[in-house]
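What's counted below: heavy atoms across the whole structure, side chains too, no hydrogens, waters or symmetry copies. Counting convention: from 1, in listed order, for ligands and their atoms alike.
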Amino acid sequence: MRRSLVVGNWKMNGTRASAELLAKGIIAGLGSDVADIAVCVPYVYIPYIADLVKDSPLALGSQNIADQASGAYTGEISASMLKELNCQYALVGHSERRSYYGDTNESVAARFSQAQAQGIIPILCVGETLEQREQDQTFAVIDEQLDAVINLVGIPAFYNAVIAYEPVWAIGTGKTATDEQAQEVHCYIRKYIAAKDQVIADKIQILYGGSAKPDNAKGLFAMPDIDGGLIGGASLDAESFLKIYHSV
Ligand code: 13P
């Protein structure tokens with residue numbers, strides 16, 4: 001039985017004060033230990049949130065990670081820096097990074113590898129645009145996104161990784177994939193991994209992201225291959241994020 005995982009992606013929102021308030025609100029409302037839970041916070045707030053989550057079940061993650069270990073890469077944040085601040089997770093290949101900041105399948109693979117080199121669990125984001133879905137390219141796009149990483153690090157590396165399926169057309173649009181649409185792709189991803197390694201396929205957490213909210217989370221999380229969620233907008237409010245967490 002896979003343990004569920006719910007991750008909040010705060011994106012570029014909030015202030016130091018609101019971020020601290022949000023983290024405290026989440027910790028206060030966790031209640032029983034129903035699943036793994038983490039928040040991926042803006043880089044500059046990581047040290048403050050790291051302090052707050054120290055003795056709690058709330059894990060900490062970054063929203064990106066450098067594709068190089070160290071050196072002359074102005075503006076980048078390395079895996080070893082994030083490790084020093086107790087980051088347990090790092091998002092890699094979020095669609096906003098891919099579409100606005102030029103992250104490629106190859107650079108995403110390098111970020112995945114850098115995270116793992118420091119013992120940080122990469123959360124590899126994959127997903128198709130609306131146009132790709134309409135042209136029946138969903139599975140081909142996901143194959144390419146997965147293959148780039150598998151080719152660089154090898155399938156055994158997925159033993160310590162998470163995959164997030166985030167259809168680009170559902171992110172921040174209020175248009176959630178239906179339970180069945182999401183399950184279809186999650187099942188596809190698990191089978192794709194299973195063809196290479198059944199043990200890893202059975203173990204790996206595959207999260208759904210894209211307009212997941214308190215009122216649709218239960219249905220999504222009830223699907224056999226959906227092991228939790230990567231939550232954007234609804235993770236900025238402690239109460240709605242906790243409702244999602246408690247729907248697993
Ligand atoms: P929304 O939940 O705001 O659609 O964002 C999803 C997402 O991009 C999480 O990484």
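- The aromatic rings of Tyr188 and Phe139 sit parallel, their planes meeting at an angle under 30°, below the 60° perpendicular limit.
- Donor-acceptor pairing under 3.5 Å is recorded for the side chains of Asp225 and Gln183.
- Taking the charged nitrogens against the carboxylate oxygens, Arg3 and Asp33 do have a contact shorter than 4.0 Å, which makes a salt bridge.
- The shortest N or O to N or O distance between Glu96 and ligand 1 is not below 3.5 Å.
- Close contacts between ligand 1 and Gly210 involve ligand atoms 4 (O), 6 (C) [criterion: under 4.0 Å to a heavy atom].
- At under 3.5 Å, a nitrogen or oxygen of Asn9, whether backbone or side chain, sits near a nitrogen or oxygen of ligand 1.
- Judged purely by atom type and a 3.5 angstrom limit, Ser211 uses its side chain to pair as donor or acceptor with the backbone of Ala170.
- Closest heavy-atom contact between Tyr245 and Asp36: CE1-O, 4.1 Å.
- If you number the atoms of ligand 1 from 1 as listed, the ones under 4.0 Å from a heavy atom of Ala170 come out as 4 (O).
- Close contacts of ligand 1 with Leu230, meaning ligand atoms under 4.0 Å from a residue heavy atom, involve 9 (C), 10 (O).
- Tracing side-chain contacts under 4.5 Å through hydrophobic residues (I, L, V, M, F, W, Y), one never reaches Val39 starting from Ile123; they form parts of separate clusters.
- Leu85 pairs with exactly one of Ile77, Leu60, Asp51, Ile46 by the side chain to side chain contact (heavy atoms under 4.5 Å, CB included) rule, that one being Ile46.
- By the 3.5 Å distance cut-off applied to N or O atoms, Thr173 is not counted among the residues near ligand 1.
- Ion pairing between a basic and an acidic side chain is recognised when a charged N comes within 4.0 Å of a carboxylate O; Lys243 and Glu239 show such pairing.
- Between Ile231 and ligand 1, a contact under 3.5 Å exists for no N or O pair.
- Gly232 N, 2.9 Å is the protein heavy atom nearest to atom 2 (O) of ligand 1.
- Ligand 1 has no nitrogen or oxygen under 3.5 angstrom from a nitrogen or oxygen of Ile171.
- Nearest protein heavy-atom neighbour of atom 9 (C) of ligand 1: Glu166 OE2, 2.8 Å.
- Of all heavy-atom pairs between Tyr45 and Gly14, the closest is OH-O, 3.5 Å.
- Regarding atom 5 (O) of ligand 1, its nearest protein heavy-atom neighbour is Lys11 NZ, 3.3 Å.
- Ligand 1 lies less than 4.0 angstrom from a heavy atom belonging to Ser211.
- Protein heavy atom at the shortest distance from atom 3 (O) of ligand 1 is Gly233 N, 2.8 Å.
- Neither the backbone nor the side chain of Cys125 has a heavy atom within less than 4.0 Å of ligand 1.
- Between Gly172 and ligand 1, at least one N/O pair is under 3.5 Å apart.
- Taking the six-membered ring wherever Trp is involved, the centroid distance between the rings of Phe112 and Phe158 falls below 6.0 Å.
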